Amino acid sequence: MLEIKGLKKKFENNQVLDGIDLTINKGDVIGIIGPSGTGKSTLLRCINSLERAEEGKIIYKDDDSNEEIVVNFPLKGINKKNAVKIRKKTGMVFQNFNLFEHKNTLKNVMSGLTIVQKKNKKEAEEIALKELENVGLLTHKNHYPRHLSGGQKQRVAIARTLAMKPEIILLDEPTSALDPELIGEVLDIIKKVADLGYTMILVSHEMDFIRKVSNRVIFLDKGHVIEDDTPDEVFNNPKNERTKQFLAKMKMLREPEYVI
């Protein structure tokens, strides 16, 4: 469905992505893990051109329609137009919700449908109400973001993404801005979406969740794909020493320092 070849991105002298090669198949739920600052979020943002890579290629293929969209970096000419086409195939769920504060929940979910997809108000409202029901927030349709908890805001953001019917959903640490007690409600919704068969790429530090929801886990370190395997293999039998070190540290952070 999506193929990434030789993707490179740097900020000033910091090479964040250093030749990423990755194939995403239809129906994949890919969990991306790794230390902070290693390029996980940047990779997602390069896929939909929120960040512009300096080198590499992204190819989108639709086996049903035989459609193929090729984007070569750096972006210029036809590649700019193709980058927009791929962006329309994706939906992004951000860390910090990115809701319109002056719009209520219903209008936040409707916004992309009316502005981007040019649907009429009635059709957009029907779709938005259905997605709000799917994330358990139909009764909050008239609430504004300031009246919602962090978990509820993120569920609205997920509903907004689902309303656009993306081919690929990109989730950039969707629980990192939440209080610990609110994380579970968002993870439950993401699991529900994954079970619907969506193709998803999820960046998260929630190791247990990544393990349960993903069919593939990628360990990214210093801009390189170090491991790409099943959750069982990556977590129980990592091949690379760097992966072993990272997972050992994550395990230590979860375990109590003492027992009373």
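These figures come from a predicted structure and were not determined experimentally.
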Q: Enumerate donor-acceptor pairs with a distance under 3.5 Å from any side-chain N or O in residues 94-104 to protein atoms, sequence neighbours excluded.
A:
residue : atom : partner : partner atom : Å
Q95     : OE1  : S176    : OG           : 3.3
N104    : OD1  : L106    : N            : 3.2
N104    : OD1  : K107    : N            : 2.8

Q: Show the atom names and distances, to 0.1 Å, of all donor-acceptor pairs under 3.5 Å that link a side chain in residues 46-54 to residues at least two apart or in another chain.
A:
residue : atom : partner : partner atom : Å
N48     : OD1  : L50     : N            : 3.4
E54     : OE1  : K10     : N            : 2.9

Q: Show every side-chain hydrogen bond (donor to acceptor under 3.5 Å, both in side chains) that has at least one partner inside residues 66-87, sequence neighbours left out.
A: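 Qualifying pairs, neighbours excluded: E67-K89.
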Q: What pairs of residues pass the ring pair (Phe, Tyr, Trp, His ring centres under 6.0 Å) test when at least one of them lies in residues 109-153, not counting sequence neighbours?
A: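 Residue pairs passing ring pair (Phe, Tyr, Trp, His ring centres under 6.0 Å), neighbours aside: H140-H143.
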Q: May I ask you to test the V156-V109 pair for a side-chain heavy-atom distance under 4.5 Å?
A: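 When only atoms from C-beta onward are counted, V109 and V156 do touch, with a gap below 4.5 Å.
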Q: Using the rule that two of Ile, Leu, Val, Met, Phe, Trp, Tyr join whenever any of their side-chain heavy atoms come within less than 4.5 Å, decide whether I86 and I201 are in one cluster.
A: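 Same cluster: I86 reaches I201 through Ile, Leu, Val, Met, Phe, Trp or Tyr contacts under 4.5 Å.
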Q: Is Q152 reaching over with its side chain to a backbone N or O of S149, donor-acceptor style, under 3.5 angstrom?
A: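 Yes.
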Q: Indicate every side-chain donor-acceptor pair of residues 166-175 with a distance under 3.5 Å to a residue at least two apart or in another chain.
A:
residue : atom : partner : partner atom : Å
D172    : OD1  : S41     : OG           : 2.5
D172    : OD2  : S41     : OG           : 3.3

Q: If two hydrophobic side chains count as joined below 4.5 Å and joins carry through other members, does L43 share a cluster with I59?
A: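 Each belongs to a different hydrophobic cluster.
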Q: May I ask you to decide if V29's main-chain N or O and N215's side chain share a donor-acceptor pair within less than 3.5 Å?
A: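 Confirmed, N215 side chain pairs with V29 backbone.
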Q: Closer than 3.5 angstrom, by distance alone: can the side chain of E131 be matched with the main-chain N or O of E133 as a donor-acceptor pair?
A: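 No, because the side chain of E131 does not come within donor-acceptor range (under 3.5 Å) of the backbone of E133.
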Q: Test of understanding: with side-chain contact (heavy atoms from CB on, under 4.5 Å), list the residues that count as partners of Q117, not counting sequence neighbours.
A: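 side-chain contact (heavy atoms from CB on, under 4.5 Å) list for Q117, sorted by chain: L113, K119, M164.
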Q: Do D179 side-chain atoms and L182 backbone N/O form a donor-acceptor pair below 3.5 Å?
A: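 Between the backbone of L182 and the side chain of D179 there is no qualifying donor-acceptor contact (under 3.5 Å).
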Q: Which residues pass the side-chain contact (heavy atoms from CB on, under 4.5 Å) test with K118, not counting sequence neighbours?
A: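 In terms of side-chain contact (heavy atoms from CB on, under 4.5 Å), with neighbours along the sequence ignored, K118 is linked to no residue.
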Q: What donor-acceptor contacts under 3.5 angstrom involve side-chain atoms of residues 217-224, with partners at least two apart or in another chain?
A:
residue : atom : partner : partner atom : Å
D221    : OD2  : R242    : NE           : 3.4
H224    : NE2  : D18     : OD2          : 3.3

Q: Could you give the distance from CD (E206) to CZ (R211), rounded to the nearest 0.5 Å?
A: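 Reported value, rounded in 0.5 Å steps: 14.5 Å.
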Q: Any side-chain heavy-atom pair from M1 and Y60 closer than 4.5 angstrom?
A: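 They are in contact (side-chain heavy atoms under 4.5 Å apart), so the answer is yes.
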Q: So do I69 and K88 actually touch side chain to side chain, heavy atoms under 4.5 Å?
A: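 When only atoms from C-beta onward are counted, I69 and K88 do not touch, as no gap falls below 4.5 Å.
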Q: Give the cluster check for F209 versus I30: same hydrophobic cluster or not, with ILVMFWY residues linked at side-chain heavy-atom distances below 4.5 Å.
A: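 Per the 4.5 Å side-chain linkage, F209 and I30 are not co-clustered.
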Q: Considering residues at least two apart in sequence or located in another chain, which fulfil the side-chain contact (heavy atoms from CB on, under 4.5 Å) criterion with N14?
A: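 Residues passing side-chain contact (heavy atoms from CB on, under 4.5 Å) with N14: V16.
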Q: Who pairs with N13 by side-chain contact (heavy atoms from CB on, under 4.5 Å), at least two apart in sequence or on another chain?
A: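 For N13, no residue satisfies side-chain contact (heavy atoms from CB on, under 4.5 Å) once neighbours in sequence are set aside.
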Q: Could you pull out all donor-acceptor pairs under 3.5 Å where a side-chain atom in residues 184-200 meets a protein atom, sequence neighbours excluded?
A:
residue : atom : partner : partner atom : Å
E185    : OE2  : R155    : NH1          : 2.9
K191    : NZ   : D195    : OD1          : 3.0
K191    : NZ   : D195    : OD2          : 3.0
K192    : NZ   : N134    : O            : 2.7
T199    : OG1  : G27     : N            : 2.7

Q: Using every non-hydrogen atom in the two residues, find where P238 and K244 come nearest and quote the distance to one decimal.
A: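 Closest pair (atom of P238, atom of K244, distance): O-CE, 3.1 Å.
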Q: Run the side chain to side chain donor-acceptor pair (under 3.5 Å) test against D21 and tell me which residues pass, sequence neighbours left out.
A: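 For D21, no residue satisfies side chain to side chain donor-acceptor pair (under 3.5 Å) once neighbours in sequence are set aside.
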Q: Working to the nearest 0.5 Å, report the span between NZ of K8 and CD of E55.
A: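 Those atoms lie 4.5 Å apart.
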